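Here's the structure, in structure tokens; my notes come after.
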Number of protein chains: 2
Amino acid sequence: MQDPDTPHARGAAAAVIPAAAPGEGSPRLDRRRILGSAVEIIDRDGLRALTMRRLGAHLGVEAMAIYHHVPGREALLDGIVEVVVDELYGDPEVHLVSSDWARYLHELAHGVRRIALAHPQVFPLVATRPSAATWVRPPLRSLRWIDGFLLTLRQCGFSDRAATDAYQAFNSFLVGHLLLEVSQQGADIGPVDDPDPGKPRRSDLADYPLLAELAPQLAQDRSAEEFEETLQALIERLAADRAAGSTPAGPAIG
Amino acid sequence: MQDPDTPHARGAAAAVIPAAAPGEGSPRLDRRRILGSAVEIIDRDGLRALTMRRLGAHLGVEAMAIYHHVPGREALLDGIVEVVVDELYGDPEVHLVSSDWARYLHELAHGVRRIALAHPQVFPLVATRPSAATWVRPPLRSLRWIDGFLLTLRQCGFSDRAATDAYQAFNSFLVGHLLLEVSQQGADIGPVDDPDPGKPRRSDLADYPLLAELAPQLAQDRSAEEFEETLQALIERLAADRAAGSTPAGPAIG
DNA sequence: ACCTGAACACCGTTCAAGT
DNA sequence: ACCTGAACACCGTTCAAGT
């Protein structure tokens, strides 16, 4: 249980001066500042380090002050997910709509991947938090992006059904791949308290000679290539669905 | 904050008689009984309802007694994941190895899906808990199954690389699809405290006419079909990779 | 050997009180 | 209008004590 307490404001009994942006005059609390600090804490110390009390301290404020801007911890987590997902808007390489659907899916997929890799400890939250409606699926869980997605595909000749199916398949792909990719690079859900979380002992592996032989290869990080290949395969599949269009599988009447 | 306290043993100040299997004589505590109760609690009330104290009460024991059989809460969660994933062994429709790899992947995928649907509240844990080694990927995270998987594919003519790639792609597919499927059917990560988690208001949807139009279609549950289709596409892709075999993309030397 | 009671250091959250 | 102090009902976990 060492808690090195990284050299932030806290060590000395310093005056209560919240770290405000240098040029900005107002260290006052607001939702944006709260959510920003929360993301910082998770990025640095993991989800379990995010406590109302610790968040307050990080903001130079008592924990209870937070409740004036955010209804509670659950709402805080929802806000974090929203803020992180909305980083997509700031990505100059991703456009909200496009006339080239395949290129659009490429851009979007890489944009989401950049977010996941920038916030590996937040991404499990993005993937697992229940969303507003059941048909809003992570990670593309903002109404505006869902709309842009469907608009783009419909403009490009997808039927309604093909477009909505594509939305679901695209999200499944992103969640599946990115969740495993961030977890692979040490994203703990929770704090890093555990020095050695019990990696398979050699003796365990001894029971599975093939596994022991292939373990080094399994350990290779081919995430980037796999992402590209699976994305490409998905796009090809969607292209086929699009071409099939509104042609069902043969005459069903009769 | 209503807590109806479902009509289980608890209401009346009953004698401390732990619920033991009728025929079984020993209500003594052991790891298996603890993990079983823990899964029951999560299945019924969600992950956040699983508390050392509540688990103890459910077992007819003080919370501290649990620590004699399980090192702590983290280990408890790991054990839960293990127990649930190991239900695969009890599934008569899933074999550990096979000489027909495509059929094998079908069986395995459906076996894992049955588990996810049987324990929708546990599956996010299966998907997000850090595993022993980085190369052990959820949901197929038991060494024995990984070994069986690789053995089957190698026996069926997959190269080492194609087999390990297939393991990773297969797991990504399962996590992505099943996580969204269980979350879609109301799997809360956390308790059901929130009566209405804020579904998109009509006014929000008014800003996105296309979305409003397609929402009913997005809300349709096509999980089963999608699972089948994506699985089939994955298998076809793996078949192509297998056929490509050890033939790299042209001469790289020179 | 196994379980309990009491305690400790933390949580999220409330509410009246301060400014 | 915004923040604080003190309190409440919970947590996970420890440890000496009981049987």
Side-chain angles (χ1 to χ4, degrees), chain A residues 1-3 5 10 13 15-20 25-35 37-38 41-42 45-80 125 188-194, chain B residues 1-3 5 10 15-18 20 25-35 37-38 41-42 45-80 125 188-194:
Chain A
M1 293 288 181
Q2 80 279 51
D3 187 342
D5 216 40
R10 187 205 291 252
V16 187
I17 303 178
S26 112
R28 271 257 272 58
L29 219 48
D30 63 13
R31 191 180 141 90
R32 254 213 4 270
R33 224 161 70 79
I34 291 172
L35 294 179
S37 282
I41 291 175
I42 300 181
D45 300 323
L47 178 57
R48 295 238 314 252
L50 182 70
T51 285
M52 299 304 276
R53 284 166 156 97
R54 269 201 273 252
L55 178 55
H58 191 262
L59 287 160
V61 118
E62 295 299 312
M64 303 73 200
I66 298 166
Y67 286 84
H68 288 272
H69 301 91
V70 161
R73 186 164 201 267
E74 295 301 303
L76 180 67
L77 296 178
D78 287 339
I80 289 166
L125 214 53
D188 254 338
I189 215 162
V192 253
D193 271 4
D194 203 352
Chain B
M1 292 291 182
Q2 80 281 53
D3 189 344
D5 216 41
R10 187 204 290 253
V16 187
I17 302 178
S26 112
R28 271 259 271 58
L29 220 48
D30 63 13
R31 192 179 142 90
R32 255 218 356 275
R33 226 161 68 79
I34 291 173
L35 295 179
S37 281
I41 291 175
I42 300 180
D45 301 323
L47 179 56
R48 295 237 314 251
L50 182 71
T51 284
M52 300 304 276
R53 284 166 157 96
R54 270 203 272 254
L55 177 56
H58 191 261
L59 288 160
V61 117
E62 295 300 312
M64 304 75 201
I66 297 166
Y67 287 84
H68 288 273
H69 301 91
V70 162
R73 185 165 203 265
E74 295 300 303
L76 180 67
L77 296 178
D78 286 339
I80 289 165
L125 214 53
D188 255 338
I189 218 163
V192 252
D193 270 3
D194 204 350

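Bear in mind the structure is a predicted one, so any value in this text is a computation, not a measurement. Just so we're on the same page: letters track the sequence lines, and every chain starts at 1.
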>> Distance check needed: dT14(D) P versus Ile66(B) CD1, whole Å only.
In response: 14 Å

> Between atom CD1 of Ile41(A) and atom CG of Leu50(A), what is the distance when rounded to the nearest 0.5 Å?
Replying inline: 5.5 Å

> Please give, in whole Å, the distance from dA17(C) C1' to Met64(A) CE?
Replying inline: 14 Å

> Where each residue is assigned the nucleotide of DNA chain C containing its nearest heavy atom, which of Ala63(A) and Leu29(B) is assigned the position nearer the 5′ end?
Replying inline: Leu29(B)

>> Let me confirm one number: the CG-CD distance from Leu76(B) to Glu74(B), rounded to the nearest 0.5 Å.
In response: 9.5 Å

>> Rounding to an integer number of Å, can you tell me how far Leu59(A) CG sits from dC2(D) C1'?
In response: 15 Å

> In Å, rounded to the nearest 0.5 Å, how long is the span from CG of Asp45(A) to OG1 of Thr51(A)?
Replying inline: 10.5 Å

>> Can you give me the closest heavy-atom contact between Arg73(B) and Leu47(B), atom names plus distance?
In response: NH2-O, 3.9 Å

> Do you know which two heavy atoms are closest between Ala63(B) and Arg53(B), and how far apart they sit?
Replying inline: CB-CA, 3.6 Å

> Name the stems with DNA chain C in them: runs of three or more consecutive Watson-Crick or G-U pairs, distances under 3.5 Å?
Replying inline: C:4-8 with D:12-16, C:12-16 with D:4-8

> If you measure from CG on Leu55(A) to CD1 on Ile66(A), what distance do you get to the nearest 0.5 Å?
Replying inline: 4.0 Å

> Under the 3.5 Å rule, do the base of dC3(C) and the side chain of His68(B) count as making a donor-acceptor pair?
Replying inline: yes

Which pairs, protein N/O on one side and nucleotides 10-12 of chain D N/O on the other, fall under 3.5 Å?
unit_1  : atom_1 : unit_2   : atom_2 : d
dC11(D) : OP1    : Arg54(B) : NH2    : 3.4
dG12(D) : OP1    : Met52(B) : N      : 3.3
dG12(D) : OP1    : Arg73(B) : NE     : 3.3
dG12(D) : OP2    : Met52(B) : N      : 3.0
dG12(D) : N7     : Arg53(B) : NH1    : 2.4
dG12(D) : O6     : Arg53(B) : NH2    : 3.1

> Nearest of dC3(D), dC15(C), dT13(D) to any side-chain atom of Arg28(A)?
Replying inline: dC3(D)

>> Please give me the minimum heavy-atom distance between Met52(A) and Gly72(A), naming the atom from each residue.
In response: CE-C, 4.4 Å

> For dC2(C), does either OP1 or OP2 sit under 4.0 Å from a side-chain N or O belonging to His69(B)?
Replying inline: no

>> Run the side-chain contact (heavy atoms from CB on, under 4.5 Å) test against His69(B) and tell me which residues pass, sequence neighbours left out.
In response: Leu29(B), Ile34(B)

